[in-house]
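Side chains are part of it too, since the values below use all heavy atoms of this structure and drop only hydrogens, waters and symmetry mates.
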Amino acid sequence: MTRYLVMAMRRPSFDDAVIAPHLAFLDDLRAAGQLEMTGGFSDRSGGAYVLVNVASLDDAKAIAARDPLALTGTSDLTVYEWNTR
């Protein structure tokens, strides 16, 4: 199974108001069977989530682009195709 790792690193302009919409976005991905795991970094610099059941890297990037963290510009999101064992 191909997985896609989405790294979300907070910008200095990060606003805590985006957290609730971001969590709702993740809940929707989980309900659609596209989210395997998620979590924040203990130093509060950002976090990551793992997408599954996504056809391609381009599709994974399109999903990440809909994340409120990306839409508000408060975090930099980078998507990697992750070959796990």
Checklist entry - What's the spacing between Asp16 CG and Thr74 OG1 if we round to 0.5 Å? => result 9.5 Å
Item to check | Which atom of Ala48 lies closest to which atom of Leu5, heavy atoms considered | outcome: CB-CD1, 4.0 Å
Next on the checklist: With rounding to the nearest 0.5 angstrom, report the CG to CG distance, Asp67 to Leu26.
Outcome noted: 6.0 Å
Checklist entry - Which value, rounded to the nearest 0.5 Å, describes the distance between Leu57 atom CG and Tyr80 atom OH? => result 11.0 Å
Next on the checklist: Hydrophobic clusters here meaning ILVMFWY residues chained together by side-chain heavy-atom distances under 4.5 Å, can you tell me if Phe14 and Leu77 are in one?
Outcome noted: yes
Item to check | Cluster link Val50 to Met7, ILVMFWY, side chain under 4.5 Å | outcome: yes
Checklist entry - Roughly how far apart are Arg3 CZ and Leu51 CG, rounded to 0.5 Å? => result 11.5 Å
Checklist entry - Could you give the distance from CZ (Arg30) to CE (Met37), rounded to the nearest 0.5 Å? => result 10.0 Å
Checklist entry - Can you tell me how far the NE2 atom of His22 sits from the CG atom of Asp27, to the nearest 0.5 Å? => result 10.0 Å
Next on the checklist: Tell me whether Tyr49 shares a hydrophobic cluster with Leu23, the cluster being built from Ile, Leu, Val, Met, Phe, Trp, Tyr side chains joined at under 4.5 Å.
Outcome noted: yes
Next on the checklist: I need the minimum non-hydrogen distance between Ala70 and Ala64, along with the two atoms involved.
Outcome noted: CB-O, 3.6 Å
Checklist entry - Out of curiosity, does Leu29 fall in the hydrophobic cluster containing Trp82 (side-chain heavy atoms, cut-off under 4.5 Å, transitive links)? => result no
Checklist entry - How close do Ala55 and Asp59 get, heavy atom to heavy atom, and via which atoms? => result CB-OD2, 3.3 Å
Checklist entry - Looking only at heavy atoms, which two atoms of Gln34 and Val54 are closest? And how far apart? => result NE2-CG2, 3.9 Å
Checklist entry - Passes side-chain contact (heavy atoms from CB on, under 4.5 Å), Phe25 versus Ile63? Steps please. => result CA-CA 10 Å; Phe25 169 78; Ile63 290 169; 4.0 Å; yes
Next on the checklist: Using side-chain contact (heavy atoms from CB on, under 4.5 Å), reason through Thr72 and Asp15 one step at a time and then give a plain yes or no.
Outcome noted: CA-CA 9 Å; Thr72 61; Asp15 181 354; over 6 Å; no
Item to check | From CA spacing to verdict: side-chain contact (heavy atoms from CB on, under 4.5 Å), Met9, Phe41 | outcome: CA-CA 9 Å; Met9 302 306 296; Phe41 302 137; 3.7 Å; yes
Next on the checklist: What verdict does the side chain to side chain donor-acceptor pair (under 3.5 Å) test give for Ser56 and Asp58, after you've listed the backbone C-alpha separation in whole Å, the side-chain angles of each residue and the deciding distance to 0.1 Å?
Outcome noted: CA-CA 5 Å; Ser56 68; Asp58 285 340; 5.2 Å; no
Next on the checklist: If you compare all heavy atoms of Tyr4 against all heavy atoms of Ala60, which two are closest, and at what distance to 0.1 Å?
Outcome noted: CG-CB, 3.6 Å
Next on the checklist: Can you list everything that forms a salt bridge (charged side-chain N to carboxylate O under 4.0 Å, His left out) with Arg10? Sequence neighbours excluded, please.
Outcome noted: none
